[in-house]
Amino acid sequence: MTHRLDGAEAAVGALLGAGVTRGTPVAVAAGGAGSGIAAGGRCWAVTAPPAEVVRRVGSALSPRWVWWSARRTARPLVAAGVTVPACWDVAAVHRLLHGGSSDAPAQVWAVARGLDPQRVPRSGQLDLLRDTDAEEGDAGDPVRPDGYLRPDWADEPLRTPEQAAAWAALALELQGEQAEALASATDPRRPPAQPPLAVLTAWSESAAELLALELAATGLPVDVAAAAALIAGHAGPRPVDEAAALASRQARDAVVRDLLPDGEQVDLRNPAQVRAMLARLGFDVPDTRSWRLEPFRGAHPALDALLTWRRSERIATTYGYGWLDRHVGPDGRLRGEWRGCDGAAGRMTASAGLHNLPADLRSAVVAEPGHVFVRADLGQVEPRVLAAVSGDEGLARATAGADLYSPVAEQLRCDRPSAKVAVLAAMYGQTSGTAGEALRGLDRAYPSAMAYLRSAEERGRAGKDVRTYGGRRVPMWGVGAAVEPAVAAARGRFARNAVVQGAAAELFKMWAATVRAGLTGLTGARGAGGAGQRAIVLCLHDELLLHVPEVSAEDTATLLHDALDRTAARWAAGSGVRFVADVSVLPRWSDAK
DNA sequence: GATTTCACGTA
DNA sequence: CGTACGTGAAATCC
C-alpha cells in the first residue's frame, strides 16, 4: 500500500528518511490535485501538487528530478517559475538510446521491456479478438499481465496521488536501467575520472527538454510596430477586410504580371503555370526554384520581378500579419513550441518560424527597455566536432587557433576557400563539384577523421544504424542493404552528416544546459523570463541568444565563454580540440555581424 | 478532409 | 543528387 503524505513538507521528511541527498534521483508525477514521488525503491502519494513538492524538496535536498517527460510533468513547474537545476527525462534518454522522436510512455516502456512497440495497446481500443487474459488483473497496477502499460494510465491524466506514486515508481525504475545502460557504454579514450560521456549527454538532453519548455514560456522579445512596418514594406498595409486583402494581393501580383505576355493567365502561386510561362519566354527549367532562376535574373525583367515577388510573398504569407497575430503575445513576446531533439540527429526544433526567421525580420527582434541581447555562436563547430569525435590528432592541432581552415589549407597546400569547401564536402557527403583533389589531400592529412566519416557512410549505405559520439542512436530507413542505389547513397550522405551534426547538437545542448545552470546560480526563482531576469530566449543550432538586464551584459558574456570552456573540457576531454565562441552584446538581433 | 508536392526560410 | 527542420499554398488523393 502506498504511503500518503500530507503536504510538501512531509515529502521532504520522507525523502530525508529514505536517504535522499544532493543529486539522488527522485521521480515525480502529477495525479489529481496532488502528486506522486519515488526514491530508493519506495514511493509516496503527496497531497500537494508537483510545483509545490518540487519547490520545497528541491530547496531542501537538491535531488535530480526524474520524470517520464518534461513535456508532461514539468509544464506547471515552468509556469509557476520553479527552478529545476538537474533532471532526468526518461523519454529524452529513451530517444538517445533507441532513436526516434516518440515521448509516449507506452512506447518508451514497451521498448525498455523488449516488447513490440507496434503492438502497444491504445485507449478505447475495441478489439473483439483481444486477449482478455492479458488485460485482467489489478486495475490499480499500471502494468498489464502481458507487460504493456495500461492505456488509460499511459494516455490520460492520472486521477489520484496514489496513481501518480505508482507512475513515478515506474519512471524511477526506468531511470535506473537507463543510467546503467549508459554507464556501461564507456569510451576508453576518455579520462576515467569523469562520468561517461553518455551519462553526461543524458543529463544535458534532459536539461534541453526542460529548456524547451522554458523557451516556449519565455518567448523572444519583438518590437511589434517594427515588425509590422517591415511586413508592410512587402505585403502592404494591414488589410481591414477580405476584399482589401484580395486587392493588396492582386496589386502585388500585377507588378510581375504586367511584365508578362498574357500575364492575366498566369497564377504566380502555381509552379506548373509559372514553369510553362517561363518556357514561353524561352527559359526551359526543370523546376522554378529561385536558385535555378537566379542566373537568369538579368535576362528578362519579369524574372527579376518574379524573384522579388517571391520574397515578398514569403513575408506576406508565412511571416505576415497573421503570423504576428498568432504567435506574438500582448507582451510583445514571440512564442512557439520547442523540442529538445528532432527525430534524426538530435538538433533542437522550434515552431512559429523561430528557426527560420528571414534575415530582414531580425531587426524587429529588439531587447526590452533596460535590457540587451547577449548573443554567442560557436565558431566552425562542425569541423572541430569532427576532430574531437574521430580522435584525429592532426585535425585537433588545426583547432588551436580562431580559424581552422587556414592551418588545413597550409597542410593541403591549397588556398583557404578550397580547404573549407573540401572539409565541408567531406562532412556533408557532397559528390558534385570540384573538391576532388583537395579531398584526396584530406585523406592523407587527416586519415582518422576521414575514416570516421567513411565508416559512418558505409554503415548508412548498408542500412545499419549509426551512433553519435554522445551515444544517440540514429536509425536508418529502408530494409537492409538491398535497396536501390539512390537510396543507399542517400543513407550514406545522411549517416555521414548525422554523426557530425548530431554530435555538434549534443555539444551545443551541453553548453546551453551549462549556461542555463549558470544563469540561475542553481537557486532562486526563474520567474518565467520576466523583467529583470536573465533568460535564454533562442537556441539556433550553434547560436544562443540571451535577454538580460543591461547591467549584467558583461557578466553574461563571461558566463557564456566560461560555460563553453567547462563544457568542452568534459565533452572533448583528452582530444586536445579547442572550441571557440563569438560573443557580442546587442540591442537588436540584426546588429550581429 | 487528409496527404503530398513545391517552394523557401534558417543552421 | 550536402543534411536537417517548419511553414504555407496548391495539387492530389481518398
Report task. For salt bridge (charged side-chain N to carboxylate O under 4.0 Å, His left out), just list the numbers for A:Glu205 and A:Arg95, CA-CA rounded to whole Å, side-chain angles, deciding distance to a tenth of an Å, and then say yes or no. Result -> CA-CA 10 Å; A:Glu205 293 294 314; A:Arg95 291 191 290 273; over 6 Å; no
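- Look at CG on A:Leu324: it is 16 Å from C1' on C:dG8, rounded to the nearest Å.
- Across the protein-nucleic acid pair, A:Arg289 atom CZ and B:dG9 atom P stand 12 Å apart, rounded to whole Å.
- If you measure from atom CZ of A:Arg491 to atom C1' of C:dT3, you get 16 Å, rounded to the nearest angstrom.
- Using a 4.0 Å heavy-atom distance criterion, A:Ala350 is classed as a sugar-phosphate-only contact.
- Side-chain N/O atoms of A:Thr318 include none lying less than 4.0 angstrom from OP1 or OP2 on B:dG9.
- Nearest to the side chain of A:Ala344, among C:dG8, C:dA10, C:dA4, sits C:dA4.
- One interatomic measurement links the two molecules: CZ of A:Arg496 to C1' of C:dT3, which rounds to 13 Å at whole-angstrom precision.
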Requested in this report: Could you give me the CA-CA distance, side-chain angles and deciding distance for A:Glu294 and A:Arg297, then say whether salt bridge (charged side-chain N to carboxylate O under 4.0 Å, His left out) is met?
Outcome: CA-CA 5 Å; A:Glu294 195 63 45; A:Arg297 205 185 242 277; 2.7 Å; yes
Requested in this report: Could you go through the side chain to side chain contact (heavy atoms under 4.5 Å, CB included) check for A:Met510 and A:Thr201 one step at a time?
Outcome: CA-CA 7 Å; A:Met510 204 173 284; A:Thr201 306; 4.1 Å; yes
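- For the ring pair (Phe, Tyr, Trp, His ring centres under 6.0 Å) criterion with A:Trp571, the lone passing option out of A:Phe508, A:Tyr469, A:Trp511 is A:Tyr469.
- None of A:Val548, A:Thr556, A:Leu586 except one satisfies the side chain to side chain contact (heavy atoms under 4.5 Å, CB included) rule with A:Val372; the exception is A:Val548.
- Judged by distance alone, with hydrogens and angles left aside, A:Arg347 brings a side-chain donor or acceptor within reach of the base of B:dA11, the pair sitting under 3.5 Å.
- Nearest nucleotide to the A:Arg362 side chain, out of C:dA10, B:dT10, C:dT7: B:dT10.
- Here the nucleotide nearest the side chain of A:Ser351, chosen from C:dG6, C:dA10, B:dA7, is C:dG6.
- The interatomic distance linking A:Tyr428 (OH) with C:dC1 (C1') rounds to 17 Å, in whole Å.
- Taking 4.0 angstrom as the limit, A:Arg269 places none of its side-chain polar atoms (N or O) nearer than this to OP1 or OP2 of C:dA9.
- With rounding to the nearest 0.5 angstrom, the CG atom of A:Asp443 is 7.0 Å from the CE atom of A:Met450.
- Remark: A:Asn270 is in phosphate contact with C:dA11, judged by side-chain N or O atoms under 4.0 Å from OP1 or OP2.
- Rounded to an integer number of Å, the gap from A:Leu354 CG to C:dC5 P is 17 Å.
- Below the 3.5 angstrom threshold, one finds a donor paired with an acceptor across the side chain of A:Asn356 and the base of C:dG6.
- For the pair A:Arg326 CZ and C:dG6 P, the interatomic distance rounds to 16 Å; values are reported in whole Å.
- For A:Arg310, the listed nucleotide lying nearest its side chain is B:dA7; candidates were B:dA7, B:dA11, C:dG8.
- Taking every side-chain heavy atom of A:Ala359 into account, B:dT10 is the closest of B:dT10, B:dA7, C:dA4.
- Ranking C:dT3, C:dC5, B:dC8 by closeness to the A:Thr349 side chain, first place goes to C:dC5.
- Looking at heavy-atom distances under 4.0 Å, A:Ala352 makes contact with sugar-phosphate atoms alone, never a base.
- Residue A:Asp342 has its side chain nearest to C:dC5 when only C:dT7, B:dG9, C:dC5 are considered.
- Among the nucleotides C:dA4, C:dC1, B:dC6, the one closest to any side-chain atom of A:Arg493 is C:dC1.
- Of the candidate nucleotides C:dA9, B:dA11, B:dA7, C:dA9 has the atom nearest to the side chain of A:Thr317.
- Atom pair A:Leu278:CG and B:dA7:P shows a separation of 11 Å (rounding to whole Å applied).
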